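All figures in this text were calculated on a predicted structure; none of them were measured in a lab.
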Amino acid sequence: EKKLMPDRLLYTPIGKYDTFPPSQYIDIGINDGEDFTALESFGTKLLAFKQNTLYIIDVTSSNDLEWFLESTHNGLGVDKPSAVVKTEFGVCWARKTGIYAWSPNQGIVELSAKLDKNLAPMSGLASPVVGYYPPDSQLLIVQNCTTGSDALVYDFTTKSFTELGSYTSAAISNMQNNQDNCIWLEGNDVKKYSSAQGQSAWVLETKDFHFGNPGILKRPLKLIVSYSSTTNATITTTYYKDGDGSADSLDASTWSAAANGGVKSISLRGIGSVSSLKLKFSGASVSGGCKINDITISYRTTRKEPSTGVN
């Protein structure tokens, strides 16, 4: 006789991995209208996911009677096991509302917190699947596993996202990870993730910088960009002023080859006073790749308050 128990977690006796006695179970969120969808462990914690809720269970004690529910997090569940992956940094998962990580030291962190959920690429998180590539400490998120889809890569070293357009061409399976690879099935083909950089046109758009105080006007003076490029690169720099939706031209020039690192300085004096400033860099494909490592803006504050629509 089969019995559906969507609120129950069963566990085995020590060393008996295929035996699930009916007396050894954990019931959480009984009759809450949700089912358990994924389960992952990290150290002495269990992360138990339902569709909308995440439960973190402490299983430190060797006595299962001393296990306890440590915390409950609404709005952080997943719809399938393939949306969760364990890394050396902690447990990571993706859902329509964002991309998250949990670790014993930091707790829950939203990796995608600086990305606008209403705009691409975040708006494309329809049915995400996640994988992990240990050689480069990168989290791979395919945005929709049910059809051809874009993907995102989160780099734990640089704490940055890269968008990969049209990364898959068909529905995919869950991802399998080991110390060397991240693979999945796409149609009838086995695919493998590679972090090798390709050659294509690129765009880098920063966040809206308000320099710690949006209520005070600033006068930008100079933009200093630390970069590396194996060949000369023609790069166009534009800017958005005070949340404006359209970009204004700033600079279009050739950045000299600097395989071991170079610095590009661009005057910002013509911009005038701003409350906030966002930058956009774009360029054609570069053999060997072009990498922006750091952005510095020098500015002065002014005493005049920014204008508003209120008289």
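At least one side-chain heavy atom of K280 sits less than 4.5 Å from a side-chain heavy atom of Y240. Residues V85 and M175 form no side-chain contact, since every pair of their non-hydrogen atoms from C-beta on lies 4.5 Å or further apart. The closest side-chain heavy-atom distance from N178 to Y132 is not below 4.5 Å. Under the 4.5 Å side-chain criterion, counting only non-hydrogen atoms from C-beta, V190 is in contact with L185. Side-chain atoms of S149 and Y167, non-hydrogen and from C-beta on, never get closer than 4.5 Å to each other. Looking at heavy atoms from C-beta onward, N52 lies in side-chain contact with R95 at the 4.5 angstrom threshold. Within the 4.5 Å cutoff, the side chain of V225 has no heavy atoms near those of the D294 side chain.
Residue L152 comes nearest to M122 through the heavy atom pair CD1-SD, 4.4 Å, listed as atom of the first residue, atom of the second, then distance. Closest non-hydrogen pair, Y25 versus D27, comes out as CE1-OD2, 3.4 Å. Shown here for P220 and G272, the closest heavy-atom pair between the two residues is CD-O, 3.2 Å. When all heavy atoms of K96 and L125 are compared, the pair lying nearest together is CG-O, 3.1 Å. Here the shortest heavy-atom pairing between I216 and T302 reads CG2-O, 3.6 Å.
For the pair K50 and F36, the cation-pi test (distance below 6.0 Å, angle within 45°) is passed. In this structure, K218 fails the cation-pi test against F211, since its NZ or CZ atom is not both closer than 6.0 Å to the six-membered ring centre and inside 45 degrees of the ring normal.
From L4, atom CG reaches atom CG of D35 across 6.5 Å, with rounding to the nearest 0.5 Å. Rounding to the nearest 0.5 Å places CH2 of W93 at 6.0 Å from CG of L47. A distance of 6.0 Å separates CG in L54 from CG in L76, rounded to the nearest 0.5 Å. Within the model, atoms CD1 of I56 and CZ of F68 stand 11.5 Å from one another, a figure rounded to the nearest 0.5 Å.
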Determine, stepwise, if the pair D58 / T60 fulfils side-chain hydrogen bond (donor to acceptor under 3.5 Å, both in side chains). CA-CA 6 Å; D58 190 303; T60 303; 2.6 Å; yes

For E88 and F156: C-alpha separation, side-chain torsions, deciding distance, then whether side-chain contact (heavy atoms from CB on, under 4.5 Å) applies. CA-CA 10 Å; E88 70 260 38; F156 282 95; over 6 Å; no

Verdict with reasoning, I271 to Y239, per side-chain contact (heavy atoms from CB on, under 4.5 Å): CA-CA 9 Å; I271 291 179; Y239 68 93; 3.8 Å; yes

side-chain contact (heavy atoms from CB on, under 4.5 Å) between W184 and L140, worked out: CA-CA 12 Å; W184 62 92; L140 174 65; 3.8 Å; yes

side-chain hydrogen bond (donor to acceptor under 3.5 Å, both in side chains) evaluation trace for D79 with Q51: CA-CA 5 Å; D79 61 351; Q51 285 93 343; over 6 Å; no

Steps toward side-chain contact (heavy atoms from CB on, under 4.5 Å) verdict (I28, I57): CA-CA 10 Å; I28 301 177; I57 306 164; 3.3 Å; yes

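The residues D208 and K278 are annotated as not salt-bridged, no charged nitrogen and carboxylate oxygen being separated by less than 4.0 angstrom.
A continuous path of hydrophobic side-chain contacts links I295 to Y227 [ILVMFWY only; heavy atoms under 4.5 Å]. By the criterion of side-chain heavy atoms lying less than 4.5 angstrom apart, applied directly or through intervening Ile, Leu, Val, Met, Phe, Trp or Tyr residues, V142 is grouped together with L164 in one hydrophobic cluster. A continuous path of hydrophobic side-chain contacts links L268 to I292 [ILVMFWY only; heavy atoms under 4.5 Å]. No chain of hydrophobic side-chain contacts below 4.5 Å, direct or via other Ile, Leu, Val, Met, Phe, Trp or Tyr residues, connects L139 to V78. In the hydrophobic clustering of this structure, L277 groups with L204; members are Ile, Leu, Val, Met, Phe, Trp, Tyr whose side-chain heavy atoms approach within less than 4.5 Å, directly or through other members.
In this structure, a donor-acceptor pair under 3.5 Å is absent between the side chains of K241 and S276. Side-chain contact check for S195 and D136: at least one donor-acceptor pair (N or O, by modelled atom type) lies under 3.5 Å. Between D64 and Y11, the side chains place a donor N or O and an acceptor N or O closer than 3.5 Å (distance only, hydrogens not considered).
The neighbour count for R8 CZ, taken as heavy atoms of other residues, nucleotides or ligands under 6.0 Å away, is above 12.
Taking the six-membered ring for Trp, W102 and F89 have ring centres at least 6.0 Å apart.
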